[in-house]
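Quick notes on the structure that follows.
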Amino acid sequence: MAANPEYMAEIKTIEFNLNGNPMEAYEGETILQAAKRNGIDIPHLCFKEGLRGDGNCRACVVEIEGERVLQPSCMRMPSAGMVVHTDNERVLHSQRMVLELLQSDVTESSYSRDSELDFWSKRLAVGKPRFEARHNPTADLSHPAIAVNLDACIQCTRCVRACREEQNNDVIGYANRGSHSLIVFDIADPMGDSSCVGCGECVQACPTGALMPSKEVGLLEPDRKVESACPYCGVGCLLTFNVKEEKIIFVEGRDGPANKSRLCVKGRYGFDYIHNDRRLTTPLIRNTDAPKVTNIEELTEADVKKMFREATWEEALDFAAKGLRDIRDEKGGNALAGFGSAKGSNEEAYLFQKLVRTGFKTNNVDHCTRLCHASSVVALLEGLGSGAVSNQVAEVEDAEVIVIIGSNPTVNHPVAATFIKNASREGKTLIIMDPRRTEIARHADHVLQFKPDTDVAMLNAIMHSIIKQGLVDEDFIKERTEGYKELAAHLEDFAPEVMEKICGVPAETLHEVARVYASSKASIIFWGMGVSQHVHGTDNARCLISLALMTGQIGKPGSGLHPLRGQNNVQGASDVGLIPMVYPDYQRVDNPNAQARFEKLWDAKLDPVPGLTVVEIMEQITQDNITGMYVEGENPAMSDPNLNHARHALASLQHLVVQDIFMTETALFADVILPASAFPEKDGTFTNTDRRVQMGRKAVNPPGIAKQDWWIIQEMANRLGCGWNYTGPHDIFAEMRLGMDSIKGMSWDRLEQEHSVTYPCSDSEDPGQGIIFIDDFPTDSGRAQFVPAPFTNADELPDTEYPLVLITGRQLEHWHTGAMTRKASMLDAIEPVPVASINPSDLAKLSLDNGSTIRLSSRRGTIQCFARIDDGLAEGQVFMPFCYHEAAANLLTTDALDPYAKIPEFKFCAIKLEAGEQH
Amino acid sequence: MDKPVLRKRNKMRGEQRGRHVTQTAQEQIRDLLGSETPRRDLLIEYLHLIQDEFGHIAADHITALAAEMQLATTEIYEVATFYHHFDVIREGDDAPPELTVRVCDSITCEMYGANELVAKLEGIVGDDVRVQRVPCVGRCEQAPVAVVGMNPIHQATEKQVMQEVNANNSKAELPNCIDFTSYQESEGYATLKKIVTGDIDNESVISTLEDSNLRGLGGAGFPAGRKWRIVRDQEAPRIMAVNIDEGEPGTFKDRYYLERDPHRFFEGMLIAAHVVGTDSIYIYLRDEYAGIRESMESELTKLKANPPCELPHIELRRGAGAYICGEESAMIESIEGKRGMPRLRPPFVAQVGVFGRPTLEHNMETLYWIREIIEKGGEWFTSHGRNGRKGLRSFSVSGRVKKPGVHLAPAGITIKELIEEYCDGMADGHEFYGYFPGGASGGILPASMGDIPLDFDTLNEYGCFIGSAAIIVFSDADNARDVAKNAMSFFEHESCGKCTPCRVGTSKAVKLMSKAEWNQPLMNELSKTMMDASICGLGQAASNPMNSVLKYFPDELK
């Protein structure tokens, strides 16, 4: 981090003496750190910056005058006048002896190119160890991504601290005693069978190679390192791609503001999908004799091969554009639609929506935000005037109370979850509200396992209690909000004693949580799709907003509202206008001023009518009102609800252009497929859940003749008459800044230098505002608006025929529709087959057990998969990730929509469970 | 190398990662834990409940207990496998037989034929009984000692042991101590009451302690009065922890006093709690003293039922077979339900101890003397002494003497005087050859150095210390190399495994000492680092016996 001179001046210094010379230490610095800063290296092994010091290896011992024995410099702070020796004979003797003792026990074979033990041994000229070696344990190669070779272990416990204190995954232990001490996973289980989540933090922490990436990757020397970001979820971890012979060989966490060098299994081990041999490498055009079929599960690779022929870029682009142009010219722009991507860069998303608006001449442009947080954004815009998070995840440090509702962050936002778990470990109050008891509940103080679909009842009851307990923030309500009276009147009917029967949470708990949340100095709420993906998703979010407003828990450090964004750039794609009703920066298309601003910037006539949303577009295709589509980096044939319906719609399109890196389920319906570039193959900016705009950098070239997405979009645009001439992402970004005040202060060069800058950012001096709504809300009145929410039920309730509830979502190893992760070898090895999680008693009723084949059916479809016992689910609930093409959960889901946000109800539909065909 | 572990589970069937709780284990654990919300600090107590009930701790129990306690399974596994009195059984392991015979093989017992006893027993006990070598069980004056279940056998022979095994006598015998009523009848708790009511003020109690120069009798010898002042000045709430994890080979004085007069200790403890102002007390008793545990529990119950004054919160905690928990910070970790791994200092226990609170930690015996010192005055205590030293010491004497046992003798007495005046001389047929002046860790001295006053500070210049005043006398029938190696093996067995010099050092030292020819320069190099760079006293002192042989018994190395 860059030194800030003003800040440094405030730090107290301590004068001490090191090796006969006066030295200054900053307050809080250890002897080791102060010495290092002054150019004196003391050997150390168990110490690693970022981990709690443990002082166990004793390689860093020094002599402090006046003390009987040597002291670990990694633990001791200098005091005024202390006289320390790091290099006298006594000290060097013990430092060397410690290294020799450790060397005598580790194997001579090497697992790592940079063993810290070897480094220091060489530095201190420790020769061949003179002691007999211990008996070493055997290798544990049970994990697909991590090799465990404890014959290189020096028992420094850096892995234990990384696993337990940094990531809080609590898998690694230090078992037995004395010379039998051993690093173990769970109950000394093979790592691959243990509860290990594969985050690899232990590998990053290990100083000797005892824990390394599998297949001896640690012995390869990368040709180059590229500083970039993670392509998966919205947390926005920064990382380094290590490239050798034009392939990524491994990934390391980088000290980014959102991840502090941490990564999860996807970020660290999910990179080789880009080298998968199923990558699209050349443009493809559908053979004229290949009909579009909807039974895509039954297609073999050979079938698919026969459906398309290879084409040149020129031919493919001409063909792709002509199909769209003809429809536009014949039926008008509204017969076209475009789905952009939340996985692409800001520049790509910006170009895509500009293409639809100026080239297609319609606002029918949307992306998967519709399926994720549309309802949250609608409620936030309505209540607060802005759809973005009010505070960043890192602010859990400043919070006293952390509420997580409808989110399974250890799976979906694993690295953000580590900071939340850290906060819990530090004694902050963690409250979990979720129908499913997930891993993070173990760290919680209060777990409210409410009945699915009853969010509004529960949240209104909590607000009712806050009012009755006299814990509302009257000043805040008076000065900053509107509509409180109506809300208070509405809440009268929601007494916890009445609501407990509906939501299943005891009134006593509701009162207690109300008290804890309202009376804390700073409370922050995180939520996920469990809140948003309901027909009452907007109402759910309205409750959370009201909760924060009535208690004044917003607009200050550690206090606010944070809908956790699911995809690496879903925030950015929305920010740059990849949604049908707004231009970049959420400027409404039906606002004449906004329209004028963008007509000028883009030199084009714009349609003032808001476009259609994802599911509405599918519906209009069915009704033949939309006949041509351009889908860039999205997979509606997997991600949309009621897939049979969606797939029929896609099949009925007159002209479908798909731009992607793989032959996705959606591509199977395409007339033309344009091979694009994956994340590590491009430069661009990406905006994480915290509103941090971060730089992704190209590490390798796309395969074959696949092209950069921005280039393809521009080629398409120019064939639709746009006349663009961008030379690269920096060029596009420069134009974006002209239309987006939020990022005015960020230049491409600044992002190149700082890697990550938060918006709003008004000028080049502005560090970016992590907290918003401090003084006012960006509404017309400057005040926030309370919106009362009535309690309503899900669209399709269980009945005797379909007695169970299906909840869909994601799992740790597989991301979104699985297009990338299921082609990442290590992730696929960890979770290779479709599974549905079920309460054991539901299985027992059918005499089934863990691993049994089961059949799940709804009124809309049937799938077959394996059962996995999950005690965290209540009886009658089934959870299924939607990443498995061979058992697509969305064949079962309903396409009932929230009336305000048009988000489908992915989190609730009625199904039945039967035994599957047992193999 | 053996074959590496490759994937075992059939992931293709979609099984979940990690373990999940079985219903049977969950019910068993809930039955044992009762209805109260489980406490993290009671983990070791819970593990005892499981071990006592099932004779072992199964992997399923650990998984279920983890779920009940909202802990990670590995947190429980690492605690359970740290303490040697827990038998953790994973799938495929054999559960241990119902009955275990533990044979002490530490220094004195080995001198008295423990190895032969083990060999004989292993040949005759059969499959239903496990014979286990264990470190010092605190009964060195009765060597060799075998413990059938909880039932200790003095001067054990294989015949006696088999008798008890066959009769299934596995319960500890209750000591015949001065109980609550008798203690009160002899003015017991009168002094405490005077202090609580203010008849004797706190300041004068501390001054009396200072006058007596009473020092910590666990081995470190820190002046008790000064400790009270330091802790009293720390911010409340303050906590007291009493160390009865008597495990230093050769030491059995705490057991001796507790078998006889536990209330004298309780009274001292309560006086300390009152004067220093600690509102809770944790008494940490080694698991081997099962009889004492039972009697202390019942005496504490009587005390609580009829308290002489308002009592602080008192908990009796049970160790689980780990010598290191006698180290004050390791004991605190253990009281908190964790592995007994010493903490780095600073901060000192007096400032940051149990649950992060300022803690007054005392060895049992230090507290045992408080009542008498207050009643008789500090001068009474200092009126004893010999060879220029002052005070009384409880010497645990074992080995080749006629009358081993706890001998209360003047501080500063020499070993020769002690043997002659208190032990009725050497055992028949044995000639005095050498002695451990302070248990296994206090070093070894030859008979020729038998005129050194035995007290704190007097032995330092010889590379030795008196520690807990455990004297092991050996004779011309023994040799220093063997007893030193026994001591080093003990430290290897008991090292907690945290720091390199001790974890690896003790292990390498045993290997070096097992060689016919000792590599003396390498031993000296190793010892220097163990003494200088280990975290706690265990590692720092572990090489003392080895050094003593190098220094004082050169003839044995030729």
Side-chain angles (χ1 to χ4, degrees), chain A residues 55-59 61 69-70 72 75 90 93-94 97-98 101-102 104-105 130-132 134 136 138-142 151 155 164 170-181 184-190 192-196 442 832-835 850-851 865-871, chain B residues 1-21 59 62-63 70-75 77-78 81-82 84 88 90 322 339 344 492-501 503-508 511-512 519 522 525-526 528-529 531-535 540:
Chain A
N56 67 56
C57 78
R58 317 304 275 186
V61 286
V69 291
L70 302 178
M75 298 295 287
R90 179 184 175 198
H93 169 81
S94 278
M97 178 55 76
V98 162
L101 285 170
L102 294 171
S104 70
D105 278 345
R130 294 165 289 173
F131 300 99
E132 244 177 73
R134 68 183 171 198
N136 266 318
T138 55
D140 171 1
L141 306 177
S142 60
D151 55 357
Q155 271 89 347
R164 305 238 307 248
D170 293 350
V171 180
I172 303 185
Y174 189 46
N176 305 334
R177 194 168 81 196
S179 54
H180 300 284
S181 297
V184 297
F185 306 94
D186 290 345
I187 306 182
D189 293 326
D193 287 347
S194 74
S195 60
C196 168
R442 189 166 65 79
V833 293
V835 287
N850 219 16
C865 62
F866 294 101
R868 174 174 293 179
I869 284 181
D870 187 340
D871 300 311
Chain B
M1 198 201 287
D2 305 321
K3 228 176 130 218
V5 179
L6 294 166
R7 284 195 78 69
K8 269 196 200 152
R9 264 201 204 166
N10 186 0
K11 284 297 267 192
M12 297 313 286
R13 300 289 295 177
E15 291 190 9
Q16 81 268 55
R17 71 166 73 81
R19 291 164 176 270
H20 72 102
V21 180
I62 292 181
T63 312
Q70 297 206 14
L71 287 176
T73 51
T74 202
E75 282 181 271
Y77 183 74
E78 63 184 13
T81 55
F82 182 88
H84 285 184
V88 176
R90 298 179 70 252
R339 293 165 298 171
L344 272 68
E492 183 198 19
H493 189 260
E494 296 301 325
S495 167
C496 79
K498 184 168 181 171
C499 72
T500 311
R503 181 188 68 245
V504 187
T506 54
S507 174
K508 301 304 177 211
K511 287 198 170 95
L512 290 173
N519 182 342
L522 187 57
E525 280 187 53
L526 173 60
K528 217 160 128 187
T529 294
M531 292 166 69
D532 231 3
S534 294
I535 292 175
Q540 289 167 11

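In what follows, every chain begins at residue 1, and chains take the letters A, B, ... in the order their sequences are listed. Heavy-atom basis, side chains included; hydrogens, waters and symmetry copies ignored.
- A donor-acceptor contact shorter than 3.5 Å links the side chain of Thr500(B) to the backbone of Cys57(A).
- In this structure, chain B has heavy atoms under 4.5 Å from both the backbone and the side chain of Ile869(A).
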What do the steps show when you test Val504(B) against Gln155(A) for side-chain contact (heavy atoms from CB on, under 4.5 Å), and what is the final call? CA-CA 10 Å; Val504(B) 187; Gln155(A) 271 89 347; over 6 Å; no

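- Contact check for Glu78(B) versus Val184(A): no side-chain heavy atoms found under the 4.5 Å cut-off.
- In this structure, Arg19(B) pairs ionically with Asp189(A), as a charged nitrogen and a carboxylate oxygen lie closer than 4.0 Å.
- In this structure, chain A has heavy atoms under 4.5 Å from both the backbone and the side chain of Lys498(B).
- Each of Ser181(A), Cys865(A), Ala188(A) has some count of heavy-atom pairs under 4.5 Å with chain B, and the biggest count is that of Ala188(A).
- Using a 4.5 Å cut-off between heavy atoms, Glu494(B) contacts chain A through both its backbone and its side chain.
- Only the side chain of Asp871(A) comes within contact range of chain B, judged by heavy atoms closer than 4.5 Å.
- With chain B as partner, the option from Met75(A), Arg90(A), Arg134(A) having the largest number of non-hydrogen pairs under 4.5 angstrom is Arg90(A).
- Residues Gly55(A) and Ile535(B) come closest through the heavy atom pair O-CD1, 3.7 Å.
- Atom CG of Leu70(A) is separated from atom OG of Ser534(B) by 10.0 Å, given to the nearest 0.5 angstrom.
- Closest approach of Leu526(B) to Phe131(A), counting heavy atoms only: CD2-CE2, 4.1 Å.
- Nearest heavy-atom pair across Arg17(B) and Ser194(A) is CB-O, 3.5 Å.
- Summarising the geometry of Ile187(A) relative to Arg90(B), their closest heavy-atom pair is O-NE, 2.6 Å, with the distance given to 0.1 Å.
- Using a 4.5 Å heavy-atom threshold, the side chains of Thr74(B) and Arg164(A) count as touching.
- Annotation: maximal heavy-atom pairing with chain A below 4.5 Å, among Pro501(B), Cys496(B), Ala59(B), occurs at Cys496(B).
- Most heavy-atom pairs under 4.5 Å with chain A: of the set Gly505(B), Ala533(B), Ser507(B), this distinction falls to Ala533(B).
- There is no contact between Thr506(B) and chain A, counting heavy-atom distances below 4.5 Å.
- Shown here are the ring pair (Phe, Tyr, Trp, His ring centres under 6.0 Å) partners of His493(B), two or more places apart in sequence or in another chain: His84(B).
- Looking only at distances, a side-chain donor or acceptor of His93(A) sits under 3.5 Å from a matching main-chain atom of Glu525(B).
- In this structure the side chain of Glu492(B) reaches within 4.5 angstrom of the side chain of Ser179(A), judged on heavy atoms.
- For the set Glu132(A), Arg177(A), Arg442(A), His180(A), the count of heavy-atom pairs under 4.5 angstrom toward chain B peaks at Arg177(A).
- The two atoms that bring Tyr174(A) and Gly497(B) nearest to each other are OH-O, 2.6 Å, heavy atoms only.
- Here the side chains of Asp532(B) and Val61(A) are not in contact, with every heavy-atom distance at 4.5 Å or above.
- In terms of heavy-atom pairs under 4.5 Å with chain B, the best-connected choice from Ala59(A), Gly173(A), Pro72(A), Ser104(A) is Gly173(A).
- Note: Leu522(B) leads Leu522(B), Ile62(B), Thr73(B), Val88(B) in heavy-atom pairs under 4.5 Å with chain A.
- In this structure, Ser94(A) and Thr529(B) approach most closely via the heavy-atom pair OG-OG1, 3.1 Å.
- Contacts between Leu71(B) and chain A at a heavy-atom distance below 4.5 Å involve the backbone alone (N, CA, C, O).
- In this structure, the portions of Arg503(B) lying under 4.5 Å from any heavy atom of chain A include both its backbone and its side chain.
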